[in-house]
**Student:** 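Okay, here's the structure, questions in a sec.
Worth knowing before you read on, the calculation uses all heavy atoms, side chains too, and leaves out hydrogens, waters and symmetry mates.
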Amino acid sequence: ADTDAKKPDDWDDEEDGEWEAPTKDNPGYKGDWSVKRISNPGYKGFWEAKKIANPEYVDEEALYSYADFGFIGFDLWQVKGGSIFDNIIITDDKSEADAFAKKWKA
């Protein structure tokens, strides 16, 4: 802040707010700081983990496919209790989900 600055005579704290002295320019300011870059001749690019073949790996198409769900769970954080959930559907068929939603739209 500029220590030599003075509050103007016509300044009204109620109307104009609390007066703050203006800031001074810093003659030593050289712009935004950024890290200096130096070349690295040993740089080989972005590191990635080596991909090692796993002979025991089997891609299973129906890994998370269940014929029937007995239960469904929700882990919720609430500020105010008393939330009620109803009419929940689990499907991978978009047309079935659209038909279900159409039934409950107002």
**Student:** Roughly how far, to the nearest 0.5 Å, is the CG atom of Asp10 from the NZ atom of Lys7?
**Tutor:** 10.5 Å
**Student:** So do the side chains of Asp59 and Glu61 get within less than 4.5 Å of each other, counting heavy atoms only?
**Tutor:** yes
**Student:** Can you see whether Asp93 engages Thr91 through a side-chain donor-acceptor pair at a distance of less than 3.5 angstrom?
**Tutor:** no
**Student:** Please give me the minimum heavy-atom distance between Trp19 and Pro22, naming the atom from each residue.
**Tutor:** CZ2-CD, 4.2 Å
**Student:** For Ala97 and Ile89, work out which heavy atoms get closest and say how close.
**Tutor:** CA-CD1, 4.5 Å
**Student:** More than 12 non-hydrogen atoms from neighbouring residues, nucleotides or ligands closer than 6.0 Å to CG on Asn54, yes or no?
**Tutor:** yes
**Student:** Please give me the minimum heavy-atom distance between Phe46 and Tyr43, naming the atom from each residue.
**Tutor:** N-OH, 3.4 Å
**Student:** Would you indicate whether Asp92, at its atom CG, is surrounded by more than 12 heavy atoms from other residues, nucleotides or ligands within a distance under 6.0 Å?
**Tutor:** no
**Student:** Any side-chain heavy-atom pair from Asp98 and Lys103 closer than 4.5 angstrom?
**Tutor:** no
**Student:** First locate atom CH2 of Trp11, then atom CD of Glu14, and finally report the distance between them rounded to the nearest 0.5 Å.
**Tutor:** 13.5 Å
**Student:** Is Ile52 reachable from Val58 through a run of hydrophobic residues whose side-chain heavy atoms are each under 4.5 Å from the next?
**Tutor:** no
**Student:** Roughly how far, to the nearest 0.5 Å, is CD of Glu20 from CD of Glu18?
**Tutor:** 6.5 Å
